[in-house]
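Notes follow once the structure below has been shown.
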Amino acid sequence: MDTSQLAKFYKKDFQEKIQALLDAGVISKEDSQALLNESLNLEKGIGNHMIENYIGNYSLPFGLAMNFLIDDKEVVVPMAIEEPSVIAAASFAAKIISSGGGFSTAVTERTMIGQVTLKNVPNIDEAVKSVKIRTEAILQRANEAHPSIVKRGGGAKDIEIRVLDEETPTYLTIHVHVDTQEAMGANIVNTMMEGIAPYLEEVTGGTALLRILSNYTTECMATATCTIPVRKLATGDYSGEVVRDRIIEATQVARIDPYRAVTHNKGVMNGVDAVVIATGNDWRAVSAASHAYASRSGQYRSLTKWDKNDAGDLVGTLTLPMPVGAVGGSISIHPGAKLAHKILGQPTAKELERIIVSVGLAQNFAAVRALITDGIQKGHMGLHARSLAISAGATGEQVQQVADQLKKAPHMNLATAKEILEQL
Ligand code: NDP
């Protein structure tokens, strides 16, 4: 990939952007034709088989975040999102972060958790013992329920027994840890849990109430860290030291105040969800897991940490559960998802985790930096003006003309946008 071809990407018009991507080796000739023909949409015949009561496609803007340097590798990041400013902010943050060496990432093994929860277990202590001594038999039955994942090198690896006795009645939950290889694994794990439930009923004397994966994927985690030289943080009237300290303080507030933490983490998820969606992954799963992880201390807190190192530079960290796949679900079906994986160089599931968590950290840096300096609206309003112009009915060049006048108007709203458009 020759990213020099992508310099000032945002200044190029649509055709120039596609040409630059082709010249840079990010997309193939065939992909460029698909983009020029706007053929990223699902075919009706496919959509009709994906969901029930299908009546058409609902599209989202698909864009690329630039300047990402992740584990010493340049990455162009596809994002599907309707919110203005997110891609610009990610690219801006990634540029500053790249100047300090980029993102370093770490991922755990990709182990998903399946749960079988049993009720009416006559003797919990006996049942626990009985399950424990049958660990191998349970794992064998789980693997027999989905043998193809075993052939691929994965499968059920371990069990954990949990007694849920906070309330009456007591439930017995058996966790099965499953290596789902390159898949997110929901269907694989669910099949296994349904497969072992009758045996667990037999072994415990209880009745299986629930048989499904846990979306709290604490055994599939990804971490990104970055170090930003303090001199790179200076902006306007703010010195680098002041920006650094205010970012650290703002993150402290998000650690202790759930009202702030939710907004802070929403900023993280702006980036995370956009890449998860673009790559055809299950964003509800990633979001649910991330917010649960933010509450792991018993209080909802900031997902990111910002601190300074001995040199006075700003150090950021983000750890998230990251149940994404490189195969499965809609990944090989949706044309947008297929292109996203191509743009990313067909990453493995672990590589995808590393990319997504880095984007989350970049997004958080950009949002907090804007908040503690100029405020977030300055950057947002330019793009918001364009959205208003489009809502007012502006097309083509009118969009920018209306937006430019709207930014100078005393009230930036739809009525003003319509007035400006009429005058034009
Ligand atoms: P799939 O059901 O599509 O299964 C992935 C399949 O890909 C595997 O079964 C395997 O089939 C095949 N495969 C090919 N290559 C590999 C490889 N290298 N590693 C692993 N598998 C490979 O997807 P998932 O099981 O990942 O389930 C994800 C989907 O489930 C998502 O669409 C999600 O929205 C949905 N879902 C989510 C739930 C939740 O989160 N609570 C609940 C239910 C569904 P084979 O080995 O047979 O060839």
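One-based numbering, in listed order, for ligands and for the atoms of each. Computed from a predicted model, the values in this text were never measured in an experiment.
Salt bridge status for Lys266 with Glu83: present, with a side-chain N to carboxylate O gap under 4.0 Å. A salt bridge is defined here as a Lys NZ or Arg NE, NH1 or NH2 lying under 4.0 Å from an Asp or Glu carboxylate O, and Glu126 with Lys129 meets this definition.
In this structure, Ile133 places its CD1 atom where more than 12 heavy-atom neighbours from other residues, nucleotides or ligands lie under 6.0 Å away.
With sequence neighbours excluded, the residues that form a side-chain hydrogen bond (donor to acceptor under 3.5 Å, both in side chains) with His146 are Ser148. Arg301 meets the side-chain hydrogen bond (donor to acceptor under 3.5 Å, both in side chains) test with Ser297; sequence neighbours excluded. Under the side-chain hydrogen bond (donor to acceptor under 3.5 Å, both in side chains) criterion, Lys342 pairs with Asp31, not counting sequence neighbours.
The protein residues lying under 4.0 angstrom from ligand 1, judged by non-hydrogen atoms, are His146, Ser148, Ile149, Arg152, Thr180, Gln181, Glu182, Ala183, Met184, Gly185, Ala186, Asn187, Ile188, Asn190, Leu213, Asn215, Asp282, Arg284, Val327, Gly328, Gly329.
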